[in-house]
Trainee: 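I'd like to ask you about the structure that follows.
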Amino acid sequence: MAGKENTEDIVCNIQKGDKRFASKLMSMVEDGNSEGEECLRILRGIPGQAHVIGVTGWPGVGKSTLISRMAHFFLNMSKHVGIIAVDPTSPLSGGSFLGDRERMRGIDGDERLFIRSMATRGHAGGIAADTNAFVRIMEAMGKDVIIVETVGVGQDQVSVCYVADTVVMTVIPGMGDYLQALKAGIMEVGDIFAVNKADRKGVDEVVTDLRMIIGMSARKNGWNPPIVKTTAVSNAGIDELMIQIENHRNHVTRGGKLLSKRIAAVKLEVVETLKSRLFHLIELEEKLDDYAQQIFEGKIDRFNLVETILKEAEIVKQVRRELHD
Ligand SMILES: Nc1nc2c(ncn2[C@@H]2O[C@H](COP(=O)(O)OP(=O)(O)OP(=O)(O)O)[C@@H](O)[C@H]2O)c(=O)[nH]1
Ligand SMILES: [Mg+2]
């Protein structure tokens, strides 16, 4: 294996902003490669300045379109931009971020822009953990802004939001009922609400619904989430959205909130990696259906099952053995 020299090479080239080396390291991290982890450790020790923006929302609400507008905006301000698209090909809209020439027109060849897609499957360390790792790699490349696109459904994807300093939750007209049903859930995630496709009917209704939900919820850290109407396809409302994103950044930067947010993201990384390694070690994924059936039928209880799993797998021994290998 390559060893120290290669590690230095990777780290050094990433710090120069080299996209090829960054991609290589990202693949190593996804595979759970130990040399990759060593590079990541070194890169984390070098402080970065990036603002990490999460853009979340249901499939097809216009996240990618919004992000390309945001990327335009930042590039025009001479910023270096990274985009991480988690599971960019949803079955509903069928498009992939990179594949959409129309959307990316004018920026896809820009040297200061780096886009990386990320499948939701196949992460040795868990998806949120790997997203955080990718963010740190992009930060080490010298990106000023890193935008993470994630579909806001399912625990895995929502947890991706924790890696962001600022989360833009994107909704569209007609979604009022969903939002009412989710109340606390969406408040927990969103720092800013973008009501996209504002060219459509029902935009004021959804704004009213959101206002009500926000008004009923207690805010953490004294931030009152603003609602911005956007029409990403025609660039309307983007300037206002960018102002709110900047306001939020200033808000979290004040009083050391940013640091505690980032440490919380690392905590999640550790828990996720541990969970993912344990699941792998005891091959839980394959057996879970069967276990659930047995518990459902009253054949076993959950505590006994867990004890049995742990014993059967001789988990402690295996972990020790792996560590000493
Ligand atoms: N009418 C209208 N259509 C929009 C707007 N923004 C995006 N769209 C369209 O909505 C569709 C989905 O847009 P995307 O940007 O791919 O949405 P997404 O949320 O990234 O989708 P997934 O990544 O598949 O979840 C595309 O056909 C866009 O052109 C808007 O403001 N108004
Ligand atoms: Mg998309």
Trainee: Using a 4.5 Å cut-off between side-chain heavy atoms of Ile, Leu, Val, Met, Phe, Trp and Tyr, which other residues end up in the same hydrophobic cluster as I263?
Mentor: L259

Trainee: Would you say the side chain of T230 lies within less than 4.5 Å of the side chain of E240, judging by non-hydrogen atoms?
Mentor: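 They are not in contact (no side-chain heavy atoms under 4.5 Å apart), so the answer is no.
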
Trainee: Starting at NZ of K257, measure out to CH2 of W223 and round the result to the nearest 0.5 Å.
Mentor: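 One gets 10.0 Å once the value is rounded to the nearest 0.5 Å.
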
Trainee: Any donor and acceptor pair, going by atom type alone, linking the side chain of N13 with main-chain N or O of D9 inside 3.5 Å?
Mentor: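 Side chain of N13 to backbone of D9, a donor-acceptor pair under 3.5 Å: yes, one is there.
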
Trainee: Testing the basics here: between P226 and Q244, what is the closest heavy-atom pair and its distance to 0.1 Å?
Mentor: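 Between these two residues, the closest heavy atoms are CG-OE1, 3.4 Å.
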
Trainee: Less than 4.5 Å apart, side chain to side chain, heavy atoms only: is that true for T7 and E35?
Mentor: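 The answer is yes; the side chains approach within 4.5 Å.
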
Trainee: Are I238 and V233 connected in the hydrophobic side-chain network, where two residues link if heavy atoms are under 4.5 Å apart?
Mentor: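 I238 does not cluster with V233.
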
Trainee: Applying side chain to side chain donor-acceptor pair (under 3.5 Å), name anything that partners K16, two or more places apart in sequence or on another chain.
Mentor: none

Trainee: Can you tell if the side chain of I172 reaches within under 4.5 Å of the side chain of W58, non-hydrogen atoms only?
Mentor: no

Trainee: Please round to the nearest 0.5 Å and tell me the distance separating atom CD of Q15 and atom CG of L43.
Mentor: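 Spacing of CD (Q15) from CG (L43) equals 6.5 Å.
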
Trainee: CD1 of I83 to CG of L113: how many Å apart, nearest 0.5 Å?
Mentor: 5.0 Å

Trainee: Taking D165 for the side chain and I53 for the main chain, is one N or O donor matched with an acceptor at less than 3.5 Å?
Mentor: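 Between the backbone of I53 and the side chain of D165 there is no qualifying donor-acceptor contact (under 3.5 Å).
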
Trainee: Distance-only, no hydrogens or angles: does the D31 side chain make a donor-acceptor pair with backbone N or O of N33 under 3.5 Å?
Mentor: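 Not confirmed, D31 side chain does not pair with N33 backbone.
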
Trainee: Passes side-chain hydrogen bond (donor to acceptor under 3.5 Å, both in side chains), N196 versus T170? Steps please.
Mentor: CA-CA 6 Å; N196 193 42; T170 312; over 6 Å; no

Trainee: May I ask you to say whether E269 pairs ionically with R44, meaning some side-chain N is under 4.0 Å from a carboxylate O?
Mentor: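 Salt bridge flag = yes for R44 with E269.
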
